[in-house]
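Below is one structure, written out as structure tokens; comments come after it.
Keep in mind that this is a model prediction, so the values were computed, not measured.
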There are 2 protein chains.
Amino acid sequence: MNTLKRRPVGTAPRYRQIAQILRAAIGNGTYKVGDLLPGEIELCALYDISRHTARDALRLLTDEGLVVRRRRAGTMVTAPPGPATFVQPLGGFEDLLQYAGEARLRIIYYGPAPADGLAQTLDLLPDDWRELRGYRGKGAQTVGLTRMLIRKDCAPTGSDIDGASSVAGAIEARFGVVASRVDQRISALTLSSLLAQLLGAPEGSAALHTQRQYRDATGRLYLATETVHPADRFAYVTSYTRERPDIDR
Amino acid sequence: MNTLKRRPVGTAPRYRQIAQILRAAIGNGTYKVGDLLPGEIELCALYDISRHTARDALRLLTDEGLVVRRRRAGTMVTAPPGPATFVQPLGGFEDLLQYAGEARLRIIYYGPAPADGLAQTLDLLPDDWRELRGYRGKGAQTVGLTRMLIRKDCAPTGSDIDGASSVAGAIEARFGVVASRVDQRISALTLSSLLAQLLGAPEGSAALHTQRQYRDATGRLYLATETVHPADRFAYVTSYTRERPDIDR
DNA sequence: CTTCCGAATATGTCTGGACATATGGGGGTC
DNA sequence: GACCCCCATATGTCCAGACATATTCGGAAG
């Protein structure tokens, strides 16, 4: 039957609705951790959808880590839904990996982007960007060296940045530009003599290298950051939990 | 035409092949950052696949953060250069348990935990644990060196582990023990001469050091892992996207 | 020249069908 | 009981087609 059931405008796609129904069912205990969800074919019959749509719904749940799927075994619930800590709450992407304490930004330079700086590395036109360099630290101790490019048409003032907790946050507050997508890359790096000197660390020692790229709703890059943390002063510590916080004591 | 082109056994699914082709094309400069990839229809014609298969391939690239897709605008490359290094998604819980990249685990040793090994470092009773040491890699390429402790009562066989993409996943499949909490620490490390030799990397060069502790529903530790990745072969990448407020109704 | 609007277009959603593949579990064997 | 083999089964892969929806872009209107 290829009857076209036009979905009313303004409603979510069918597969998202199904996913939400299943999330709710898991949440209210209809399906407990360890239980099997209905198979794809059963879902088709239950909700009058095609198998493809059922699979899309289940894919959402899989991506969220709520279920595990295995051939022949079926779809098993592995976690209750809810404001689990590992799902991004989308407040601000900046502190998704918890920083050890809050590392304040001390600005060294903030002005036109030199042609041989970060703009060159990222293959961007220097004229369209402002470059910022600074230290990340807590009190007197420096935990990292930061360099970033900010697109000119959404570059806050230095004092704007000084006050805000993060540059991305400052841009959002000042220009209303929100990150629609952030790509992050964490790698290791051997400190060059220049970096070592700036950080007061031994030349040739290891450091963490974090790069982030922030994009707006149209996919256009508007903020690119790069931070170097000496190995002995910084580590990313993340705690993933599947337990919901106990509300009632 | 519903001609069934049987894919030879042992080869990757078509959509993964296409994704790999596109990854390579991005890596070698055929498509530069900011360029548009061929549209879905074009891909269908280019590789003689259905649109659905093309979409699956593009979905992989999107999940990896290599491209951004927008209606009418097309598929734009956003990946920073650096095709040589291995990347591991670091999105949430599920990434720790399931696809540990496509980096297979090659076991060197799997047996009783020596008293002076990882058990000592973590202050655990060696008798209760089994220790595993091995390489992580894809094909001939080694991307990391791993050492882990597995609690005896949930220690899978070597062949169980060999097949699975991750040890935590193998334990979940075999014993039903699901991680309720995972603590992770990512830091930088300077390679000792021993590690450097094992990894075939320069002594004194930088590496990523990842430690994880998996706990079951009762909070008891059941798996502790430690992995060292040479800087030039590995990086963690994360891609966060902000979604519209859920309607789902 | 600027603004507004419609058409073109690339991706998003969805149906229906077919064969592939892995594997849990039942049944038979030793 | 322990072991192995086979098969039913649930998910995985892939095809072909249709309509929906969001933007971009160019042309018409002011």
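- The distance from atom NE2 of A:His52 to atom C1' of C:dT13 is 8 Å, rounded to the nearest whole Å.
- Regarding A:Leu36, its CG atom lies at a distance of 16 Å from the P atom of C:dT23, rounded to whole Å.
- If you measure from atom CE of A:Met76 to atom C1' of C:dT23, you get 15 Å, rounded to the nearest angstrom.
- In this structure, CZ of B:Arg59 is placed 13 Å from C1' of D:dC14, rounded to the nearest angstrom.
- Side-chain N/O atoms of A:Thr53 include one lying less than 4.0 angstrom from OP1 or OP2 on C:dT15.
- Note: CG (B:Asp48) to C1' (D:dA16) measures 13 Å, nearest angstrom.
- B:Arg69 and B:Thr75 form a side-chain donor-acceptor contact under 3.5 Å, judged by distance and modelled atom types alone.
- With 3.5 Å as the limit, one finds a donor-acceptor pair spanning the side chains of B:Thr210 and B:Tyr236.
- For B:Arg14, there are no salt bridge (Lys or Arg N to Asp or Glu O under 4.0 Å) partners at least two apart in sequence or on another chain.
- The interatomic distance linking A:Asp56 (CG) with D:dT13 (C1') rounds to 14 Å, in whole Å.
- For the pair B:Arg14 CZ and D:dC15 P, the computed distance is 8 Å after rounding to whole Å.
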(request) Produce a footprint string for nucleotides 6-11 of chain D: one letter per nucleotide, 5' end first; B if the base is under 4.0 Å from any protein heavy atom, S if only the sugar-phosphate is, - if neither. (result) --BBBB
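- The interatomic distance linking B:Arg16 (CZ) with C:dA20 (C1') rounds to 15 Å, in whole Å.
- A salt bridge links B:Glu64 with B:Arg23: the distance from a Lys NZ or Arg NE/NH1/NH2 to an Asp or Glu carboxylate oxygen falls below 4.0 Å.
- A salt bridge is absent between A:Lys152 and A:Asp127; no separation between the charged side-chain nitrogens and carboxylate oxygens falls under 4.0 Å.
- Within the structure, a side-chain polar atom (N or O) of A:Tyr15 is placed less than 4.0 Å from OP1 or OP2 of C:dT13.
- With sequence neighbours excluded, the residues forming a side-chain contact (heavy atoms from CB on, under 4.5 Å) with A:Asp35 are A:Tyr31, A:Lys32, listed by chain and number.
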